[in-house]
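In each ligand, atom 1 is the first atom listed, and ligand 1 is the first ligand listed. Starting from 1, each residue takes its place in the sequence as its number. Remember, it's a predicted structure, so these values are computed and weren't measured experimentally.
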Amino acid sequence: MFDTVLIANRGEIALRIQRACHHLGLKSVMIYSQGDAGADYLKLADKALCIGPAAPGQSYLNQSAILYAAKAAGAQAIHPGYGFLSENASFSQAVADAGLTFIGPTADCIRRMGDKVAAKQAMREAGVPCVPGPEGSLPEDRDTLQRVADAIGYPVIIKAAGGGGGRGMRVVHAADELMQAVSVTREEARRAFGNPELYMEKFLGHPRHVEIQVLCDRHGNGVWLGSRDCSLQRRHQKVLEEAPAPGIDAALLERVGQRCVDACRHIGYHGVGTFEFLYEDGEFYFIEMNTRLQVEHPVTEMTTGLDIVEQQLRVARGEPLSIRQGDIVTVGHSLECRINAENPESFVPTPGTVYRWDVPGGIGVRIDSHVTSGYKVPPYYDSMIAKVITHGATREQAMARMRTALAQFRVEGISTNLPLHQQILEDAAFKRGAVDIHHLERWLKERQARS
Ligand code: ADP
């Protein structure tokens, strides 16, 4: 049991976690870098400690400084948020070794799911559908490689076992490109991830990104909380998400959701997590598991009525889940637009001072943001400064509320991608729903050609 939580993160998610702590009567300690000093949201914590310079390596990624801050502030638990140390197995272990609670899964689970070959193997064992391809990593010799690719059928994708962030992947369209692609990807994987291990799978041509949120306690209970569609991506970065994923057969979703919960039991998973799938022609294909809270968790909160961060804190305290699968009902539809400090045309980040920050409101509108008028967006971190989330009885109503919310959001001093979101909401294909993961990039190319 803990009563004080150190939040090892910054910005909107630090505030989101602080609020959940407050709801539960827990004290919160925020850490911050010199790059975030003076930000208003830090005042909401019971304690705020500067742990180092702006560079993430010297602050938000500095494990020993964070552990030292936890000891100094009397925190017994650490919430890593997303990004930074949230999927770092050695940090989870170091927190446990220091006698503190890591609010997330064990180091073993993080390690296993972080290795994509091992993750895929564990999912296969648990009956979760995976992208076609051989089990295990790729050999070096040409003949075997060619046989493996022929068996899958071109196009195939070569992926690094240790890959992440959309890096360490290469699509191969024909046999004569295979050897070159394998050696380039292997070298890249060795350099970027320190692990040359590769695997191969079928390359799907027009999939959607559909994911399933799970929540598990330390007593073997688990639930899945419906689906999300995050197909609108630019350079593998999600831009706009929604729940539920439109147009997916309920019985199929239920089967896959249940398999995700089974998989959690199989690997001894506790905490919140997300199973990411590619969905094409009515089939789900597992690609990876995120062993942490995700940016887009609010759309699931809006449709299930559950506070996912509160649940996460409760299970970390050892409480058994108070909800059963049968209690979970998803109501209506929810959308989330990620608002970034960036040029809406060129996507170049636009750090600087926000002179005016008038956030929208009204029924079915939620803003998750740490920004206030006068806030200075630092240049050192991710450019996301707010999430606009809407909920409605139908997808159309959620979209209408989003259009109004975006139109009434006034930001002055810096550029944001608000206009981009407004344009996406007028796109006929997006309005119909169920676009594939290449849709946004195609749409951006067309927009550029028009201008
Ligand atoms: P990362 O951990 O780097 O994000 P993922 O395995 O989640 O890597 O893949 C990232 C993205 O790459 C996916 O969202 C999808 O757009 C594309 N991708 C990955 N595997 C495949 C595949 N087998 N077929 C088609 N696209 C894929």
*Is it the side chain (CB and beyond), the backbone, both or neither of Lys202 that lies under 4.0 Å from ligand 1, heavy atoms counted?*
backbone
*Do NZ/NE/NH1/NH2 and the carboxylate oxygens of Lys238 and Glu336 come within less than 4.0 Å?*
no
*Looking at atom 13 (C) of ligand 1, what's its closest protein heavy atom, distance included?*
Ile287 CD1, 3.9 Å
*So, Arg234 and Glu441, do they make that salt bridge, N to O below 4.0 Å?*
no
*Quick one: look up the protein heavy atom nearest atom 20 (N) of ligand 1 and list residue, atom name and how far away it is.*
Lys159 NZ, 2.9 Å
*How about Tyr381 and Tyr60: are their ring centroids closer than 6.0 Å?*
yes
*Tell me: protein heavy atom nearest atom 3 (O) of ligand 1, and distance?*
Gly166 N, 2.5 Å
*asked:* Looking only at the side chains, is there a donor atom on one of Arg208 and Ser231 sitting less than 3.5 Å from an acceptor on the other?
replied: no
*Going by distance alone, is a donor N or O of one side chain under 3.5 Å from an acceptor N or O of the other, for Arg447 and Gln423?*
yes
*Charged N-O contact under 4.0 Å between Lys120 and Glu201*: yes
_Which residue and heavy atom of the protein sit nearest atom 21 (C) of ligand 1, plus the separation_ = Leu278 CD1, 3.5 Å
_Suppose I only count heavy atoms of Val131 and a 4.0 Å limit; which atoms of ligand 1 are within that range?_
23 (N)
_For atom 26 (N) of ligand 1, what's the nearest protein heavy-atom neighbour? Residue, atom name and distance, please._
Phe203 CE1, 3.5 Å
_Which of the numbered atoms in ligand 1 are under 4.0 angstrom from any heavy atom belonging to Ile437?_
15 (C), 16 (O)
*What distance do Ile389 atom CD1 and Asp368 atom CG have between them, rounded to the nearest 0.5 Å?*
4.0 Å
*Between Lys120, Glu288, His236, which one has a non-hydrogen atom sitting closest to atom 4 (O) of ligand 1?*
Glu288
*Among all protein heavy atoms, pick the one closest to atom 24 (N) of ligand 1 and tell me residue, atom and distance.*
Leu204 N, 2.9 Å
*For atom 10 (C) of ligand 1, which protein heavy atom lies nearest, and how many Å away is it?*
Met169 CE, 3.7 Å
*Do Tyr82 and His297 make the cut of ring centroids closer than 6.0 angstrom?*
no
*To the nearest 0.1 Å, how far is atom 5 (P) of ligand 1 from its closest protein heavy atom, and which atom is that?*
Lys116 NZ, 3.6 Å
